[in-house]
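Source: prediction; values computed, not measured. Residue numbers start from 1 in every chain, and the chains themselves are labelled A, B, ... in the order their sequence lines are given, proteins ahead of strands.
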Number of protein chains: 2
Amino acid sequence: MVLEYLLVALCRTPSSGYDLGAVFKAALRLFWSAELSQVYPTLKRLERRRWLKARTVPSDRGPARRVYESTERGREALSAWLAQGPAFREERYAVAAQVFVLDAAGGPEASAAFIARLRDSLTDRAAALAAVDDQIKVADLTDAEFHQYLSLRLGRRVVEARLAWCREALEALAARPSKAKPKRPTGRR
Amino acid sequence: MVLEYLLVALCRTPSSGYDLGAVFKAALRLFWSAELSQVYPTLKRLERRRWLKARTVPSDRGPARRVYESTERGREALSAWLAQGPAFREERYAVAAQVFVLDAAGGPEASAAFIARLRDSLTDRAAALAAVDDQIKVADLTDAEFHQYLSLRLGRRVVEARLAWCREALEALAARPSKAKPKRPTGRR
DNA sequence: GTAAACATGTAACCGGTTACATGATTAC
DNA sequence: GTAATCATGTAACCGGTTACATGTTTAC
């Protein structure tokens, strides 16, 4: 289960459930997210499995924190998972599914409007990712940070590929002879 | 719900649950998939909602087929959904999540091995997509086929972006000064 | 005072997968 | 005979989301 391994990995630096929730809302949300209501029970499960150990630490602001840290057992499980290689699993990209049936939108203008909206959103996302990326000095990164940086680069490349597709698709739509469905077999010259 | 709209769209050409299952296992599986055990109950639900209508047709090989076809109501719901624009939803790409924590794999060689395996799989996928793509004559396509073709192009671009990332990441890993953790503070000259 | 951030949880629901059950037809 | 393909479903489970419940501290 992906979330379990992710939590073990993140808990190599001691973290509370709340901390981890913030990580999923920030850096990781590009490819994996988790709600706090899922994180808390999962942490307990991992503690029972002894992949994590926990202690309670008073907080200076707010209630006491339950801080988790990965165990040797947990880290072994994690590295065994990674050693199995890339975890391919069925992907779901709703937008592409929409494109697949986009002819039902009503015509070339509707298709173009849809894709133009997609392009605009992706442009914003690409700019945001670029801004983060450009501020990173690769040479300064720790091993952990360097791998996080690699995943950011992957996210950025995918967003830019989708953006490039939008432009291509808009061109292809424009170039497509408009089915101005002539009532008669052919428009008489 | 994505699956519901997809089924309505696909049933613009009359199809049985079995037929639809085949579509999800073939063309659509690049971004959305569904098991027959999910398709059948969903079709019944859509029939009750009158987005689909059904009739039973004897099959020449095997049991009788239940053939579904979208209704006007269903198609209206579909086009309203598409008119709302791109359906952004949390994405999950397990491989990228693995990269995010790949420093736990054991070192630069382990990371490189992981990424090399990914590159090899993606190379195969890219070749398969390219082979399909290259055989398509865009001018010959109907509107529906053209949009399916666009989604194929999107899938291809994403796969190729990931592939390009693999090469970049392997280079970045190789270029990274190996933390050959010297026992002494610095190798004495 | 009150809103925001800190902090931890439970309960109900839902979309989706895996496993199971049934049976006809065709090709070997 | 038997395996593969055609064909339709049900049941149990599971990962994940939404909504709910509770309480503290800080900044305005």
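Regarding B/Leu43, its CG atom lies at a distance of 9 Å from the P atom of D/dT8, rounded to whole Å. Between the CG atom of A/Leu36 and the C1' atom of D/dG23 there is a distance of 16 Å, rounded to whole Å. Atom CZ in A/Arg45 sits roughly 15 Å away from atom C1' in C/dG9 (whole-Å rounding). Atom pair A/Asp60:CG and C/dC6:P shows a separation of 11 Å (rounding to whole Å applied). Look at CZ on B/Arg66: it is 12 Å from C1' on D/dG9, rounded to the nearest Å. Rounding to whole angstrom units, CD of residue A/Glu35 and C1' of D/dG15 are separated by 13 Å. We find that CZ of A/Arg89 is positioned 14 Å from C1' of C/dT18, with the value rounded to whole Å. If you measure from atom NZ of B/Lys44 to atom C1' of D/dA7, you get 13 Å, rounded to the nearest angstrom.
The pair B/Lys44-B/Glu47 does not meet the salt-bridge criterion, since no charged nitrogen lies less than 4.0 angstrom from a carboxylate oxygen. A salt bridge is absent between A/Arg73 and A/Glu76; no separation between the charged side-chain nitrogens and carboxylate oxygens falls under 4.0 Å. B/Arg162 and A/Glu91 are joined by a salt bridge, as a carboxylate oxygen and a charged side-chain nitrogen come within less than 4.0 angstrom of each other. The existence of a salt bridge linking B/Arg156 and B/Asp134 is confirmed by a sub-4.0 Å separation between a basic side-chain nitrogen and an acidic carboxylate oxygen.
With DNA chain D read from its 5' end, the first of the two nearest nucleotides for A/Leu3 and A/Pro63 is the one closest to A/Leu3. Residues A/Trp32 and B/Arg65 both approach DNA chain D. Their nearest nucleotides, taken by heavy-atom distance, put B/Arg65 toward the 5′ side.
Look at B/Ser59 and you'll find a side-chain N or O under 4.0 angstrom from OP1 or OP2 of D/dA7. OP1 or OP2 of C/dT17 lies within a sub-4.0 Å distance of a side-chain N or O belonging to A/Arg92.
Residue-environment remark: CZ (A/Arg125) stays at or below the threshold of 12 foreign heavy atoms within 6.0 Å.
With hydrogens and angles disregarded, a donor-acceptor distance shorter than 3.5 Å links the side chain of B/Thr71 to the backbone of B/Trp51.
Between the base of D/dT8 and the side chain of B/Ser16 there is no donor-acceptor pair shorter than 3.5 Å.
Looking at residues 18-27 of chain A, you'll see that no heavy atom sits under 4.0 Å from any atom of DNA chain D.
When hydrophobic clusters are built by joining Ile, Leu, Val, Met, Phe, Trp and Tyr residues whose side-chain heavy atoms come closer than 4.5 Å, directly or via intermediates, B/Leu141 is grouped together with B/Leu30.
Of all nucleotides listed (D/dT17, C/dG15, D/dG9), C/dG15 comes nearest to the side chain of B/Gln38. For A/Arg61, the listed nucleotide lying nearest its side chain is D/dT26; candidates were C/dT17, D/dT26, C/dG16. Distance from the side chain of A/Tyr40 is smallest to C/dT8 among D/dG16, C/dT8, D/dG9.
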